[in-house]
Amino acid sequence: MLTAKDQKAVFAARLARIKSKRVASKGGPPPQIPARIEGPGVLIEPVLPPARTDIPPVPPLRENLGYPAGLVGAFLIGMAAVFVARLVRFHYSGSPLVGEDPGSTMLIDGAVAFGVGLFFRAAFKFEAPVFILTKSLGITVMLVTMHNFVHWAPKTFEALFSREYVYETRQQTEVNSVFFRGVSYVLIEEGAAQASAMPTRIQMGR
């Protein structure tokens, strides 16, 4: 038969177990439970709450930086696919950037660039849907803005393509614009861009 002291010890241990379960469910630290409670005719082994396993580990810095870097890489791969497609098309058939039918030419370039992008995706292992979407966005942006690079770096494109290619592109398109189906939609006027790049001088009164 348990004495009053033993009954109090049993009751205290039971309260400690209930409290430990409540604290564990809330994510707090477990309370201090005595290792053993002994008494005449009683031996109680406290039940400790199990360790939490639902807390995900913090990813390392390399993984945190890898995701945005992968998005940037997928976008650049899409742009590079368009560049390679147009470079191959020019050296294979001599076709200019615009062509006689700008809409059809852009569709052909987009289809070839998509095929080149599939090769790049396999090489760089960009399989996630978000990377595929970002690569497609890079293809679309490059299709309508590549002529700007010809305006900005004509010598480079003369070496990679030809002088005639650069001349025709600069004649048929506008700098700082979006070129879609034979029409250049200027985003920034060239004169305004040069004016904004010039330092502003304020002459003080003598």
Say you draw a straight line from CE of Met79 to CZ of Phe83; how long is it, rounded to the nearest 0.5 Å? 11.0 Å
Decide yes or no for Val130 and Leu71: does some side-chain heavy atom of the first lie under 4.5 Å from some side-chain heavy atom of the second? yes
Does one hydrophobic cluster hold both Met142 and Phe180, with members joined at side-chain heavy-atom distances below 4.5 Å? yes
Shared ILVMFWY cluster between Leu87 and Met106, side chains joined below 4.5 angstrom? yes
Same cluster or not: are Leu133 and Val141 linked, directly or through other Ile, Leu, Val, Met, Phe, Trp or Tyr residues, by side-chain heavy atoms under 4.5 angstrom apart? no
Determine, using the 4.5 Å side-chain heavy-atom cutoff (strictly less than), whether Trp152 and Tyr185 are members of one ILVMFWY cluster. yes
Minimal heavy-atom distance between Thr173 and Ser184, with the atoms involved, is CA-OG, 3.6 Å
Within a radius of less than 6.0 Å around CD of Glu174, do more than 12 heavy atoms belonging to other residues, nucleotides or ligands occur? no
Hey, what's the ring geometry for Phe157 with Phe161, parallel, tilted or perpendicular (30° and 60° as the breaks)? parallel
Student check: side-chain heavy atoms of Arg86 and Leu143 closer than 4.5 Å: yes
When every non-hydrogen atom of Ala85 is compared with those of Asp109, the smallest separation belongs to CB-O, 4.1 Å
Between Phe90 and Ser162, is there a side-chain heavy-atom distance shorter than 4.5 Å? yes
Any side-chain heavy-atom pair of Val178 and Val144 under 4.5 Å: yes
For the pair Val150 and Arg170, evaluate side chain to side chain contact (heavy atoms under 4.5 Å, CB included) and give the outcome as yes or no after the intermediate values. CA-CA 7 Å; Val150 181; Arg170 299 183 73 179; 4.2 Å; yes
Group every Ile, Leu, Val, Met, Phe, Trp and Tyr by side-chain heavy-atom contacts under 4.5 Å, then state whether Phe149 and Ile188 land in the same group. yes
Give every residue pair that meets the side chain to side chain donor-acceptor pair (under 3.5 Å) criterion with at least one member in residues 137-148, sequence neighbours excluded. His147-Ser177
What is the minimum heavy-atom distance between Thr105 and Leu97, and which atoms define it? CG2-O, 3.6 Å
Return yes when atom CZ of Phe114 has more than 12 non-hydrogen atoms of other residues, nucleotides or ligands closer than 6.0 Å, and no otherwise. no
Any sub-3.5 Å donor-acceptor pair from Arg89's side-chain atoms to Pro96's backbone N or O? yes
